[in-house]
Number of protein chains: 2
Amino acid sequence: MTDDRASQRPRRADARDNRERILRAARAAFAEHGPRASLNRIGAAAGVGAGTLYRHFPSEQALLVEIIRADVDALCATGRDLADEPDAAGALRDWLRAVARHATAMRGLVATHMATVSRPGTDATLAACHDAIRATGAILLNRARNHGAAPPTVDIGDLLTLANALAWASEQAADDPGLLDRLLDLALAGLDA
Amino acid sequence: MTDDRASQRPRRADARDNRERILRAARAAFAEHGPRASLNRIGAAAGVGAGTLYRHFPSEQALLVEIIRADVDALCATGRDLADEPDAAGALRDWLRAVARHATAMRGLVATHMATVSRPGTDATLAACHDAIRATGAILLNRARNHGAAPPTVDIGDLLTLANALAWASEQAADDPGLLDRLLDLALAGLDA
DNA sequence: CTAGAATATGGAGAACCTCTCCACTTGGCA
DNA sequence: TGCCAAGTGGAGAGGTTCTCCATATTCTAG
């Protein structure tokens with residue numbers, strides 16, 4: 001992660017500027033309208049034509065992916081910090097909570113993430129995000145296992161899918177802010193059994 | 001449930017026929033293409049113009065809702081049967097599994113269901129479905145509680161949301177048929193703790 | 001059995017959507 | 001400064017959901 005490879009960084013300063021403005025407008029639009037946000041409008045809000053938008057991000061998904069990438073970086077950093085916590089089980093829980101909460105912050109991101117991760121090969125960047133999260137999660141899960149705080153049968157991939165599923169559910173029920181935490185408690189109750 | 005109130009049952013026989021054909025085409029289309037199925041095509045497949053389709057079902061959601069209703073009826077029947085099982089905890093689990101599996105059968109239904117249930121007042125029929133499922137689930141949960149097989153803190157609504165969330169997740173990962181069961185096992189592991 | 005009212009139909013088209021194409025402009029380097 | 005690769009914008013293709021209403025069909029009352 002944190003690769004921001006040159007391939008998608010425009011050579012010209014004005015183009016780089018446009019790219020940033022599109023990204024900013026997209027963040028705002030997705031946060032407000034969820035996955036139904038219109039790319040046309042995002043382009044307009046960024047003061048940019050449709051052609052320009054699609055030059056920078058060839059598809060709606062490409063745009064979402066770019067936004068996800070930043071979140072994933074943050075999540076991995078959080079995970080690394082939590083790996084030093086003495087309470088291994090708690091660290092794993094806290095991190096899964098963070099994953100779910102991050103995923104919820106921007107509506108529609110979870111769906112995109114899941115959709116693409118489940119059909120590998122669709123998007124290289126997203127696959128890299130997935131690997132990075134998985135690796136971070138594996139560290140925490142292993143520590144929890146070594147402390148006898150997680151059964152060896154549990155898979156980190158399933159655990160992350162679970163977190164995303166709960167995030168998605170609480171996205172749907174925006175009027176119940178406590179839902180995510182309740183669902184996490186409910187679903188993770190048997191973790192250390 | 002099973003109300004099929006007259007309000008949405010056409011007066012003329014030909015119209016009733018068209019309605020059935022649309023419903024059948026829609027079932028097929030949603031099962032195959034998921035939520036991305038096109039209403040235009042559904043109408044065409046049913047041999048009916050767009051105007052006719054929208055006369056019978058004013059929106060995409062109305063169509064989905066009608067399909068959901070049949071599933072809910074079946075689910076409640078299953079729940080009633082399971083309420084006679086001697087193993088109360090197992091019955092609850094089996095029923096939640098059935099809920100999730102039903103929800104998964106027709107891609108996109110879960111999302112519709114959740115979306116509307118969470119914003120009450122959007123659709124009366126869907127609200128009725130929700131109530132029916134909730135009531136059935138409450139019976140099973142109560143039995144499990146009386147057998148000491150479920151903590152009193154757990155809410156049936158949360159449990160159902162959980163089941164739907166897992167169903168949604170396994171919809172996304174169509175290539176991993178075992179996912180739903182693994183997630184259910186994982187998430188319900190702590191139920192009787 | 002028939003006429004008239006009530007009901008239902010279909011498809012053109014409005015208003016959106018995503019995404020492509022390419023004649024044009026512009027920034028940065030020699 | 002002048003050139004050209006890089007970047008732009010917007011018209012338009014082809015999709016979507018959904019509306020409107022002149023036309024056609026069924027049912028009902030006489």
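Looking at A:Arg69, its side chain never comes within 3.5 Å of a backbone N or O of A:Ala128 through a donor-acceptor pair. Proximity of a side-chain donor or acceptor of A:Trp168 to a complementary backbone N or O of B:Leu166 within less than 3.5 Å is not detected. Side chain of B:Arg143 to backbone of B:Glu85: a donor-acceptor contact under 3.5 angstrom is found.
Taking atom CD1 of A:Ile42 as the reference point, atom P of C:dT18 lies 8 Å away to the nearest angstrom. The CZ atom of A:Arg55 sits 15 Å away from the C1' atom of D:dG10 (whole-angstrom rounding).
Across all strands shown, A:Arg41 has heavy atoms under 4.0 Å from sugar-phosphate atoms exclusively, and none from any base.
When each of D:dA6, D:dC27, D:dT8 is scored by its nearest atom to the side-chain atoms of B:Arg12, the top-ranked nucleotide is D:dC27.
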Chi angles and distances behind the side-chain contact (heavy atoms from CB on, under 4.5 Å) call for A:Leu75, A:Thr136: CA-CA 9 Å; A:Leu75 240 22; A:Thr136 306; over 6 Å; no
Please list, for nucleotides 19-21 of chain C, all pairs of protein and nucleotide N/O atoms separated by less than 3.5 Å.
residue	atom	partner	partner atom	Å
C:dC19	OP2	A:Glu60	N	3.1

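Along DNA chain D, the nucleotide closest to B:Ser38 and the one closest to B:Arg16 are compared, and the more 5′ of them pairs with B:Ser38. Heavy-atom distances to DNA chain D give each of A:Ala15 and B:Ala37 a nearest nucleotide, and the one nearer the 5′ end belongs to A:Ala15.
More than 12 non-hydrogen atoms from other residues, nucleotides or ligands lie less than 6.0 angstrom from CZ of B:Arg16.
For the OP1/OP2 pair of D:dT8 and a distance below 4.0 Å, the side-chain nitrogens and oxygens of A:His56 include at least one atom meeting the criterion.
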